[in-house]
Protein chains: 2
Amino acid sequence: MRDYQSTAQFFQVLAHPVRLQILAALSEQACCVCHLQALTRRPQAYVSQQMRVLRDAGMVSDEKDGQNVYYRLCNPTVEALLHEVIGSDRPRTTIADCNCPKCVDE
Amino acid sequence: MRDYQSTAQFFQVLAHPVRLQILAALSEQACCVCHLQALTRRPQAYVSQQMRVLRDAGMVSDEKDGQNVYYRLCNPTVEALLHEVIGSDRPRTTIADCNCPKCVDE
DNA sequence: TGGAAATATGCAAATAATCATATATATTTT
DNA sequence: AAAATATATATGATTATTTGCATATTTCCA
């Protein structure tokens with residue numbers, strides 16, 4: 001990590017409840033946007049906006065598979081911090097209403 | 001740490017370059033406000049405001065000694081996070097113009 | 001006691017972040 | 001090729017944060 005300015009920006013990205021929820025979900029498995037929509041109960045555009053913030057911050061990477069875009073965590077520091085502050089006792093929300101191929105298959 | 005909302009607020013406090021600089025200094029030793037003023041090159045009222053934010057967030061504790069107030073880190077999670085994101089390669093800024101008893105004695 | 005030094009607080013202007021809405025693009029299905 | 005689905009982007013209104021400045025409070029010392 002560089003100077004205090006960029007470190008502050010890094011923390012700013014984490015200073016958001018929905019982004020934290022998304023990152024916590026991604027720390028378990030890669031998810032498509034529709035999955036995160038169901039998880040967070042937010043409109044698609046909203047989730048997509050947050051994913052851009054996370055992508056621009058270098059915290060997640062995206063991979064397109066057909067119609068779906070799968071996001072995954074790609075930053076070890078973020079993983080470590082999540083573990084530090086959230087730990088493993090986070091609410092294991094099961095998502096019922098996601099119809100992406102990956103969810104339907106399992 | 002509790003829910004995502006309070007975790008986000010926790011990160012919000014860290015999402016500030018001057019507060020980060022102050023916390024990094026406190027992670028080495030307790031400092032009075034005048035010391036932090038010299039370090040950050042900000043007006044006294046500015047530093048005092050940031051100290052309130054850190055105090056309200058439960059990250060630092062204050063102890064009055066005569067005219068001076070000494071602040072110290074009092075949150076192990078903050079210490080761990082600072083170490084994670086800043087590490088030990090932070091600029092070791094020596095402060096010349098602080099006249100508090102502690103600084104003058106040494 | 002009175003003044004100077006150290007620190008804290010209150011408030012307002014400037015700045016930045018959030019979120020809803022509308023719309024665009026790409027892919028699959030029919 | 002048109003419709004449907006998944007995702008992305010642009011824009012603007014609202015709200016929150018930052019920061020400078022004036023002033024208050026506390027303590028020390030002459």
Side-chain angles (χ1 to χ4, degrees), chain A residues 4-6 8-22 26 30-57 60-72 95 97-105, chain B residues 4-6 8-22 26 30-57 60-72 95 97-105:
Chain A
Y4 295 121
Q5 180 61 51
S6 53
Q9 282 166 213
F10 174 82
F11 279 126
Q12 179 62 48
V13 175
L14 297 178
H16 189 287
V18 176
R19 286 199 291 266
L20 279 178
Q21 186 181 15
I22 289 170
L26 295 184
C31 299
C32 61
V33 175
C34 63
H35 198 93
L36 299 170
Q37 249 176 277
L39 172 71
T40 61
R41 298 170 194 280
R42 302 278 174 161
Q44 176 273 319
Y46 181 97
V47 174
S48 210
Q49 272 177 340
Q50 303 308 336
M51 296 323 289
R52 171 150 70 160
V53 174
L54 295 174
R55 196 182 338 112
D56 289 351
V60 303
S61 63
D62 59 332
E63 189 186 355
K64 189 157 193 174
D65 180 19
Q67 284 172 296
N68 301 294
V69 173
Y70 287 91
Y71 281 96
R72 69 190 67 243
I95 304 160
D97 44 345
C98 177
N99 292 317
C100 73
K102 198 171 177 182
C103 288
V104 169
D105 286 356
Chain B
Y4 295 120
Q5 180 61 50
S6 53
Q9 281 167 214
F10 173 83
F11 279 126
Q12 180 62 49
V13 175
L14 297 178
H16 189 287
V18 176
R19 288 199 291 266
L20 279 178
Q21 186 181 15
I22 289 171
L26 295 183
C31 299
C32 61
V33 175
C34 65
H35 199 92
L36 299 170
Q37 247 175 279
L39 172 71
T40 62
R41 299 168 196 280
R42 302 276 174 162
Q44 175 274 319
Y46 182 98
V47 174
S48 211
Q49 273 175 337
Q50 303 309 334
M51 296 324 288
R52 170 153 69 161
V53 174
L54 295 174
R55 196 180 339 111
D56 289 352
V60 303
S61 63
D62 58 333
E63 188 187 357
K64 193 157 194 173
D65 180 20
Q67 287 172 293
N68 301 294
V69 174
Y70 287 91
Y71 282 96
R72 69 189 68 242
I95 304 159
D97 44 345
C98 175
N99 292 317
C100 73
K102 198 171 179 183
C103 287
V104 169
D105 285 357

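Residue numbers start from 1 in every chain, and the chains themselves are labelled A, B, ... in the order their sequence lines are given, proteins ahead of strands. Every value quoted in this text rests on a predicted model; they were computed, and no experiment measured them.
With sequence neighbours excluded, no residue forms a ring pair (Phe, Tyr, Trp, His ring centres under 6.0 Å) with A:Tyr70. Annotation: side-chain hydrogen bond (donor to acceptor under 3.5 Å, both in side chains) contacts of B:Gln37 (sequence neighbours excluded): none. Considering only residues two or more places apart in sequence or on other chains, B:Arg42 meets the side-chain hydrogen bond (donor to acceptor under 3.5 Å, both in side chains) condition with none of them. With sequence neighbours left out, the side chain to side chain contact (heavy atoms under 4.5 Å, CB included) criterion links A:Val60 to A:Leu23, A:Leu26, A:Met51, A:Leu54, A:Arg55, A:Tyr71. Applying the side-chain hydrogen bond (donor to acceptor under 3.5 Å, both in side chains) test to A:Gln5 and every residue at least two apart in sequence or in another chain returns A:Gln9. Taking B:Gln49 as the reference, nothing meets the side chain to side chain contact (heavy atoms under 4.5 Å, CB included) condition, with sequence neighbours excluded. For the salt bridge (charged side-chain N to carboxylate O under 4.0 Å, His left out) test, no residue two or more places apart in sequence or in another chain qualifies with A:Arg52.
Atom CD in B:Gln12 sits about 12 Å away from atom P in D:dA16, given to the nearest Å. The OH-C1' distance, from A:Tyr71 to D:dA6, rounds to 11 Å in whole Å. When rounded to the nearest whole Å, the span between CD of A:Glu63 and C1' of D:dA6 equals 16 Å.
When each of B:Arg19 and A:Asn68 is assigned the nucleotide of DNA chain D bearing its nearest heavy atom, the one mapping closer to the 5' terminus is A:Asn68.
Classification of the A:His16-A:Tyr46 ring pair by plane angle, with boundaries at 30° and 60°, yields tilted.
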Protein N or O to nucleotides 19-28 of chain D N or O, pairs below 3.5 Å:
{"from": "D:dT19", "atom 1": "OP2", "to": "B:His16", "atom 2": "NE2", "distance (Å)": "2.7"}
{"from": "D:dT19", "atom 1": "OP2", "to": "B:Tyr46", "atom 2": "OH", "distance (Å)": "2.7"}
{"from": "D:dG20", "atom 1": "O6", "to": "B:Gln49", "atom 2": "NE2", "distance (Å)": "2.6"}
{"from": "D:dT26", "atom 1": "O3'", "to": "B:Lys64", "atom 2": "NZ", "distance (Å)": "3.3"}

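Across all strands shown, A:Tyr70 has no heavy atoms under 4.0 Å from either base or sugar-phosphate atoms.
When DNA chain C is scanned 5' to 3' for any atom under 4.0 Å from a heavy atom of chain A, the first and last hits are C:dA17 to C:dT28.
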